[in-house]
Amino acid sequence: MATDTLKSKPGAQGGATGGLRRLLLDNGALTALIVLVIAMSALSGDFLTADNLLNVGVQAAVTAILAFGVTFVIVSAGIDLSVGSVAALSATVLAWSATEAGMPVVLAVLFAVATGLVCGLVNGFLVSYGKLPSFIATLAMLSVARGLSLVISQGSPIAFPDSVSHLGDTLGGWLPVPVLVMIVMGLLTAFVLGRTYIGRSMYAIGGNEEAARLSGLRVKRQKLAIYAFSGLFAAAAGIVLASRLSSAQPQAAQGYELDAIAAVVIGGASLAGGTGKASGTLIGALILAVLRNGLNLLSVSAFWQQVVIGVVIALAVLFDTLRRKAGATTPAAGASGGGNRRKQALTYLIAAAVAVAVVGATSLLHNGSSAGRTQKIGLSLSTLNNPFFVQIRDGAEEEARKLGVDLTVTDAQNDASQQANQLQNFTSGSLSSVIVNPVDSDAAGPAVRGANKAGIPVIAVDRGVNKADAAALVASDNVEGGALGARALAEKLGGKGTIVILQGQAGTSASRERGAGFAEGLKGYPGIKVVAKQPADFDRTKGLDVMTNLLQAHPDIDGVFAENDEMALGAIKALGSKAGKSVQVVGFDGTPDGLKAVEAGSLYASVAQQPKELGRIAVRNALRAADGEKVEKMVKVPVKVVTKENVAGFEG
């Protein structure tokens with residue numbers, strides 16, 4: 001593969017066939033990347049454009065930078081699960097320092113880098129001197145760093161000053177800064193691994209830690225440095241990620257540690273340690289980015305995308321195992337000579353030439369193919385792990401079929417960075433218009449501005465987009481809905497009693513707005529006392545667990561307000577027979593399960609937003625905007641408090 005230079009055993013098959021076989025075996029990750037690029041170019045005419053290829057580079061940047069840091073750890077036979085959380089913490093520290101603390105930007109950046117470095121040193125200390133397995137030490141840091149990020153930000157995104165946001169811009173109007181940072185960090189990784197004492201130490205420790213110690217290496221000190229490098233690279237990735245989003249998201253980069261590890265493994269490094277190179281890690285990150293980008297362009301379901309990526313990771317490790325059994329031997333890791341480096345460079349040049357030739361030929365298949373096609377609209381939803389947003393999708397799909405529109409739906413999985421990638425992919429594709437349900441209004445801004453520059457109209461649904469031009473916002477009023485929920489619950493309780501609030505996912509605009517509206521609505525009822533507020537992340541299971549815990553401290557509460565129906569249904573399960581009798585519960589969204597609970601009497605009310613209607617109206621407005629027709633800037637879909645008295649006549 002790209003990370004190892006292998007020598008065939010004597011007697012290996014000779015001739016052109018044998019040479020080709022060796023080339024493929026020795027550069028498996030590179031071969032896979034070339035095949036992917038050719039396949040995506042053949043399947044989608046939108047893939048092989050300059051803008052889209054730059055998108056791939058930008059989307060690979062954060063994963064690649066994280067993965068470069070993880071490469072140091074994996075080469076030394078360790079693991080670092082904390083890099084995603086450390087990236088989020090470093091970005092939050094930067095934003096807080098530059099805004100709340102009023103630090104100069106340069107000093108704030110240094111403070112953020114120092115944060116990542118300290119986290120890495122703590123990991124290294126726990127592994128080296130605390131004798132904790134790296135899995136456990138970094139798992140603990142994953143939780144600590146994420147928690148500190150939420151504490152500093154108070155669970156809300158922190159907007160970046162423009163001077164920092166420029167790190168997410170382009171140089172000369174075409175070269176994205178994240179790509180440039182990725183290249184610089186990749187070169188630094190290659191230099192450290194191949195040209196420095198500590199790089200050679202990493203390979204030695206990963207190959208045989210006890211032998212390295214007996215040979216005179218100060219293994220504990222080296223591990224401190226290794227994990228410090230990982231923390232440093234995580235901080236750089238966090239700064240790049242937040243700059244792209246123009247804000248620090250306390251929940252950013254969740255799960256990115258798995259992508260980083262996957263990129264390193266796909267690139268040919270062994271989790272057993274001792275092998276791995278920067279070039280292989282870069283190729284692994286590019287493979288993941290090409291897969292996600294291409295699958296978006298091909299309108300593959302977000303759920304199937306996860307399946308495909310998992311299969312690719314498994315196949316990469318399987319291929320590496322088969323390759324090693326095919327009669328190849330690996331020279332001393334990290335000690336490639338000048339001849340090997342020249343041979344590898346020549347291999348890359350040949351591979352690039354082959355890819356350009358084949359891709360150029362396949363691109364001819366798509367020339368002029370856009371004529372006469374139906375209009376295409378992209379819909380990026382914040383999540384499909386919530387019945388409310390599933391109903392928005394269902395309504396949009398129904399309207400698209402009715403109007404003869406080709407609708408592509410993506411799931412951002414509550415990840416603002418992933419949504420930015422999806423919106424960039426939509427912009428690169430031949431779409432007539434785009435509908436976005438933002439994970440965060442600030443974070444969606446830069447990607448929507450990109451669509452504005454490309455002349456693609458954008459319709460926001462349920463939540464607005466800040467610092468960008470949306471042709472229309474189709475939404476219910478979350479603040480008004482929260483106030484309606486407060487009044488409904490307070491009046492049911494007769495204006496007095498104690499209640500608890502189950503909050504949504506920290507940092508999301510929906511949670512902030514609904515909570516603010518509820519607090520405002522409750523001001524008119526001084527006899528109602530809020531005894532506890534706890535986040536349950538819009539999730540039914542967490543709603544059950546959090547409500548169970550709150551009942552231990554507050555067994556005699558009179559009411560519950562949940563910021564969505566899923567959490568309300570979890571609370572009802574925890575309350576048991578009390579729900580709807582001694583304890584009144586109010587939810588939000590008007591989902592099918594929520595309305596059934598209202599009808600049954602266990603849920604007193606749900607503030608219903610008619611999500612299907614939101615989806616239908618969004619598609620109609622997107623089509624009008626694509627046709628150049630005038631659309632209203634603000635399209636309000638009324639919210640309604642649904643109780644047992646009116647649930648029978650309600651249609652979402």
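Just the heavy atoms: all of them, side chains too, but no hydrogens, waters or symmetry mates, feed the values below.
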Does [X] reach the side chain of [Y], with side-chain heavy atoms less than 4.5 Å apart?
X	Y	value
L423	V436	yes
L381	D411	no
M40	L298	yes
L89	R146	no
Q584	V586	no
F426	I456	no
V62	P178	no
N52	L297	yes

Exercise. Indicate yes or no for a side-chain donor-acceptor contact from T383 to the backbone of N386 under 3.5 Å, with no hydrogens or angles considered.
Key: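 Not a single qualifying donor-acceptor pair exists.
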Quiz item: Is D462 reaching over with its side chain to a backbone N or O of P611, donor-acceptor style, under 3.5 angstrom?
Solution: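 Looks like no, no N/O pair under 3.5 Å.
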Exercise. For the pair I239 and L94, evaluate side-chain contact (heavy atoms from CB on, under 4.5 Å) and give the outcome as yes or no after the intermediate values.
Key: CA-CA 8 Å; I239 294 169; L94 170 58; 3.9 Å; yes
Exercise. Determine, stepwise, if the pair V560 / I572 fulfils side-chain contact (heavy atoms from CB on, under 4.5 Å).
Key: CA-CA 9 Å; V560 176; I572 288 170; over 6 Å; no
Practice problem: Mind running side-chain hydrogen bond (donor to acceptor under 3.5 Å, both in side chains) on N425 and Q59 for me, showing each step along the way? | Solution: CA-CA 10 Å; N425 295 340; Q59 291 165 25; 2.9 Å; yes
Hydrogens and angles aside, do [X] and [Y] bring a side-chain donor and acceptor to less than 3.5 Å of each other?
X	Y	answer
E645	T643	yes
E563	S511	yes
Q422	Q419	no
Q609	D589	yes
R244	Q424	yes
D440	Q249	yes
S428	N55	yes
S153	T92	no

Salt-bridge criterion met for [X] and [Y] (N-O under 4.0 Å):
X	Y	answer
K636	D477	yes
R514	E520	no
R449	D469	no
R292	D259	yes
R616	E613	yes

Please report the closest heavy-atom contact between [X] and [Y], naming both atoms and the distance.
X	Y	answer
V641	A605	CG1-CB, 3.9 Å
G521	A486	C-CB, 3.8 Å
V465	V448	CG1-CG2, 3.9 Å

Practice problem: Only counting residues at least two apart or in another chain, list the ones meeting salt bridge (charged side-chain N to carboxylate O under 4.0 Å, His left out) with D51. | Solution: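 Listed in chain order: nothing, the list is empty.
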Quiz item: Yes or no on side-chain hydrogen bond (donor to acceptor under 3.5 Å, both in side chains) for S382 and N437, after CA distance, side-chain angles and deciding distance?
Solution: CA-CA 6 Å; S382 57; N437 160 236; 2.8 Å; yes
Within a reach of under 6.0 Å around [atom1] of [X], are more than 12 heavy atoms found that belong to other residues, nucleotides or ligands?
X	atom1	result
K453	NZ	no
N385	CG	no
Q254	CD	yes

Practice problem: Please lay out, stage by stage, how N564 and F388 fare under the test side-chain contact (heavy atoms from CB on, under 4.5 Å). | Solution: CA-CA 9 Å; N564 80 337; F388 175 77; over 6 Å; no
Show the atom names and distances, to 0.1 Å, of all donor-acceptor pairs under 3.5 Å that link a side chain in residues 393-402 to residues at least two apart or in another chain.
| from | atom 1 | to | atom 2 | distance (Å) |
| --- | --- | --- | --- | --- |
| E399 | OE2 | R620 | NH1 | 3.4 |

Self-check item: side-chain contact (heavy atoms from CB on, under 4.5 Å) between D406 and I377, intermediate numbers included
Solution: CA-CA 6 Å; D406 185 359; I377 296 175; over 6 Å; no
Exercise. Verify salt bridge (Lys or Arg N to Asp or Glu O under 4.0 Å) between R487 and E480, making sure each step is shown before the conclusion.
Key: CA-CA 11 Å; R487 289 195 286 270; E480 175 62 20; 3.5 Å; yes
Practice problem: Over 60° means perpendicular and under 30° means parallel, so classify the ring planes of F561 and F518, tilted if in between. | Solution: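 Parallel: the ring planes of F518 and F561 meet at under 30°.
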